[in-house]
Amino acid sequence: IYILKRIIMRRTVTNSNKRVVMVTLKLLVISNKCNARSTAPFANRTFDNRNNNLQLMRRQMGYISHQRTAITKRLWNDRLEQMNVDKPHAPEQTEIKKKKIKEHVVLYDFENDLQLARDYATPWNTARIGRILEDMDSLAGNVVFTHIDDENLNTRPPNAVTASADNIRQFDTLSLHQKTFLHGAVAFVGTSSIVVRCDLKNEQGKVLMRADFTFAARSNVTGKATPVNTLDLENLTEKQKEDFEEVKAQSTLKKNRKMDKMPMREEVKEFRQKWVKKVREMSRVAREMPARAVLHEKLSKTVLTSQTVHENLFVAQPQQVNLSGRIFGGFLLRRGFELALANAYTFSGSFPIFVKMSDVDFRAPVEVGDLLRFRAKIIHVGEEGEFKDLELEKKIDEKRNEAEVEREVVLQVEAIVVNPKTVNAIVTNSFLITFRVKGDISTVLPESTDEAYGVFERVIRPKLCGWD
């Protein structure tokens with residue numbers, strides 16, 4: 001193309017020859033564009049019903065999966081085996097079946113697979129929790145797909161999207177020197193929603209980490225909510241019945257909290273007013289007179305929430321997509337978690353120990369090419385005796401005083417898609433992450449009354465009311 005353009009620019013070339021060269025040039029440009037479309041490693045962005053060739057889908061899958069963990073790659077390949085890719089335009093299933101709970105188990109053979117252990121190791125020789133979260137999200141997706149599928153090759157199941165993740169907790173340290181098992185099973189089924197519980201266990205069966213993922217079923221035709229297969233409640237084991245009732249209660253509580261249907265007791269209201277007034281008086285002085293605040297006895301070790309902000313900005317790449325062609329939710333969880341971990345490490349000076357992740361919401365999908373900003377800030381630091389004015393919760397302070405060498409640090413993380421062309425920004429994901437840290441650290445103060453009430457509602461009230 002370059003040589004032909006140079007020929008056209010020459011004065012010695014006749015007009016007839018120029019026309020021939022122009023036609024040749026156009027054909028080369030068209031041919032080049034066609035080749036680019038057909039040979040690009042990620043030619044088709046979405047792995048949806050337009051793909052009607054299993055071999056093509058596997059080639060595309062292989063291109064994506066090597067960016068993920070070995071466990072996620074294995075799980076995605078297993079899901080491909082179940083997908084009806086030979087009939088992408090099959091009618092959507094309409095029959096609602098009653099299904100039994102089927103448990104899925106994945107082995108982390110850290111004991112014999114040194115490379116696998118290295119892939120999950122941190123510089124402190126602890127496990128990378130962010131990578132475990134990726135695998136949990138992948139396993140939950142497999143569990144949901146198995147449950148919603150009617151096992152009829154002439155129909156296709158509805159699409160299942162991750163709506164939220166709750167009750168993500170670490171109960172004990174994960175060892176990279178012994179075998180570990182990741183269990184996943186349906187715990188609760190609503191009309192169009194499914195909750196999958198994932199448990200990470202050691203060889204002795206002890207639960208090291210737990211997470212509940214909520215999926216919403218959407219019609220492939222209309223995109224609206226659609227009914228899913230129900231659970232066979234008559235054949236549940238005692239453990240499955242306990243999980244069912246527990247998750248059902250948690251779902252009801254979360255729904256009532258979002259709709260502001262949880263009445264507040266008078267003593268909690270009184271304590272909230274005192275707490276908000278106290279922190280706002282301190283933060284107002286710290287903001288208006290910072291030079292004097294650092295010399296004040298009570299304010300010398302305080303910082304405002306805006307002083308704890310850390311963020312990063314990047315373009316969502318095609319290597320980070322899931323089987324639906326959108327950015328993998330587990331990848332977003334990992335990036336948000338690792339930013340919060342770095343923030344807490346910077347704040348405390350000691351390596352943070354993960355405690356829990358809550359209020360995880362997937363509000364909108366993230367597409368390839370989106371400009372994605374992660375922002376993490378510390379919104380609360382646990383204080384010794386912060387509930388001493390509340391008589392009904394003396395037990396909380398007793399527990400805190402037993403291990404006060406470690407303090408809880410709560411961070412709020414948001415994922416925001418920004419579009420400079422349209423001058424638009426939307427929060428796609430948000431979650432709270434709690435760590436335990438050691439050492440002498442500062443107290444974090446909210447900068448506005450609304451922020452103070454928000455911290456109380458999301459962090460302190462759940463502890464007072466036993467929701468935590």
Side-chain angles (χ1 to χ4, degrees), residues 120-134 136 165-174 208-211 279 283 286 300-314 330-361 372-384 386 399-400 403-416 429-447 451-452 454-456 458-460 462-463 468:
Y120 284 81
T122 68
W124 298 271
N125 201 29
T126 58
R128 288 184 64 180
I129 302 299
R131 291 208 154 190
I132 300 295
L133 292 174
E134 284 192 66
M136 283 184 165
D166 301 287
N167 197 31
I168 303 178
R169 296 174 181 271
Q170 183 174 357
F171 302 106
D172 205 344
T173 305
L174 170 61
L208 307 176
M209 189 172 168
R210 169 171 291 172
V279 296
S283 64
S300 60
K301 291 185 179 181
T302 59
V303 295
L304 301 174
T305 53
S306 61
Q307 296 173 298
T308 66
V309 175
H310 284 69
E311 61 180 40
N312 53 41
L313 180 69
F314 60 93
F331 167 75
L332 300 175
L333 285 175
R334 177 174 66 81
R335 289 299 298 259
F337 175 85
E338 292 180 348
L339 176 62
L341 179 72
N343 190 329
Y345 188 22
T346 304
F347 179 77
S348 65
S350 61
F351 184 73
I353 305 300
F354 174 63
V355 177
K356 65 176 181 177
M357 183 184 294
S358 58
D359 294 356
V360 182
D361 292 319
L372 188 61
R373 170 181 280 124
F374 274 95
R375 180 182 293 120
K377 69 175 180 180
I378 298 173
I379 62 173
H380 183 69
V381 174
E383 297 293 330
E384 181 178 356
E386 62 181 324
K399 291 180 180 180
R400 289 178 57 83
E404 196 53 43
V405 289
E406 294 184 340
R407 297 170 65 182
E408 286 191 351
V409 176
V410 183
L411 296 97
Q412 174 184 288
V413 182
E414 289 183 330
I416 308 167
N429 305 81
S430 64
F431 27 89
L432 295 181
I433 304 180
T434 303
F435 295 97
R436 288 198 312 270
V437 297
K438 294 182 179 180
D440 189 14
I441 59 177
S442 302
T443 298
V444 177
L445 302 174
E447 295 191 60
E451 186 179 16
V455 172
F456 184 89
R458 299 179 69 185
V459 180
I460 297 178
K463 293 183 178 180
D468 191 12

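As the structure is a computational prediction, the values presented were derived from the model and not from experiment. Side chains included, hydrogens not; waters and symmetry mates left out as well; all remaining heavy atoms used.
- L304 and A286 make their closest contact through CD2-CB, 4.2 Å (heavy atoms, listed as atom of the first residue, atom of the second, distance).
- Separating the CD1 atom in I416 from the CG atom in L372 is a distance of 9.0 Å, to the nearest 0.5 Å.
- Between M209 and L133 the shortest side-chain heavy-atom distance falls below 4.5 Å.
- I168 places none of its side-chain heavy atoms less than 4.5 Å from the side chain of F431.
- Side-chain contact between M357 and I129: absent, with no pair of heavy atoms (C-beta onward) separated by less than 4.5 Å.
- Residues F347 and L411 are not in side-chain contact: their nearest non-hydrogen atoms beyond the backbone lie 4.5 Å or more apart.
- Among all heavy-atom pairs drawn from E451 and E447, the shortest one is OE1-N, 2.9 Å.
- Scored by the side chain to side chain donor-acceptor pair (under 3.5 Å) test, Q412 finds R458 as partners (sequence neighbours excluded).
- For D166, the side chain to side chain contact (heavy atoms under 4.5 Å, CB included) criterion is met by S164, T214, K254, not counting sequence neighbours.
- A376 and N343 get closest at one heavy-atom pair: O-ND2, 3.0 Å.
- Ring geometry, F435 versus F354: the interplanar angle exceeds 60°, so the pair is classed perpendicular (tilted spans 30 to 60°).
- Residues T126 and T173 form no side-chain contact, since every pair of their non-hydrogen atoms from C-beta on lies 4.5 Å or further apart.
- Judged as a ring-ring contact (aromatic ring centres under 6.0 Å, His included), and not counting sequence neighbours, F171 has no contacts.
- Put simply, the side chain of F374 reaches to within 4.5 Å of the side chain of L332, judged on heavy atoms.
- Here Y120 pairs with Y108, F110 under the ring-ring contact (aromatic ring centres under 6.0 Å, His included) rule; sequence neighbours left out.
- Using modelled atom types, no side-chain atom of D359 and backbone atom of S430 make a donor-acceptor pair closer than 3.5 Å.
- In this view, R210 and D199 satisfy the side chain to side chain donor-acceptor pair (under 3.5 Å) rule, not counting sequence neighbours.
- A distance-only check finds a donor-acceptor pair linking the side chain of R407 to the backbone of I441 [under 3.5 Å].
- Between the side chain of S442 and the backbone N or O of V303 there is no donor-acceptor pair closer than 3.5 Å.
- Between H310 atom NE2 and L341 atom CG the span is 12.0 Å, to the nearest 0.5 Å.
- Residues passing the side chain to side chain contact (heavy atoms under 4.5 Å, CB included) test with E338 are R128, R334, sequence neighbours excluded.
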Go through the steps to decide whether V455 and V410 satisfy the test side chain to side chain contact (heavy atoms under 4.5 Å, CB included), and finish with yes or no. CA-CA 10 Å; V455 172; V410 183; over 6 Å; no

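- The backbone N or O of P446 lies less than 3.5 Å from no partner atom in the side chain of T305, so there is not a single donor-acceptor pair.
- Rounding to the nearest 0.5 Å gives a distance of 11.0 Å between CE of M136 and CG of L333.
- The backbone N or O of V437 lies less than 3.5 Å from no partner atom in the side chain of S348, so there is not a single donor-acceptor pair.
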If you apply the rule side chain to side chain contact (heavy atoms under 4.5 Å, CB included), what do you find for R335 with N312, and how did you get there? CA-CA 10 Å; R335 289 299 298 259; N312 53 41; 3.9 Å; yes

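- A distance of 5.0 Å separates OG1 in T434 from NZ in K356, rounded to the nearest 0.5 Å.
- Atom CZ of R131 is separated from atom OG1 of T122 by 12.0 Å, given to the nearest 0.5 angstrom.
- Separation of atoms CD1 (I379) and CD1 (I433) is listed at 11.0 Å; rounding is to 0.5 Å.
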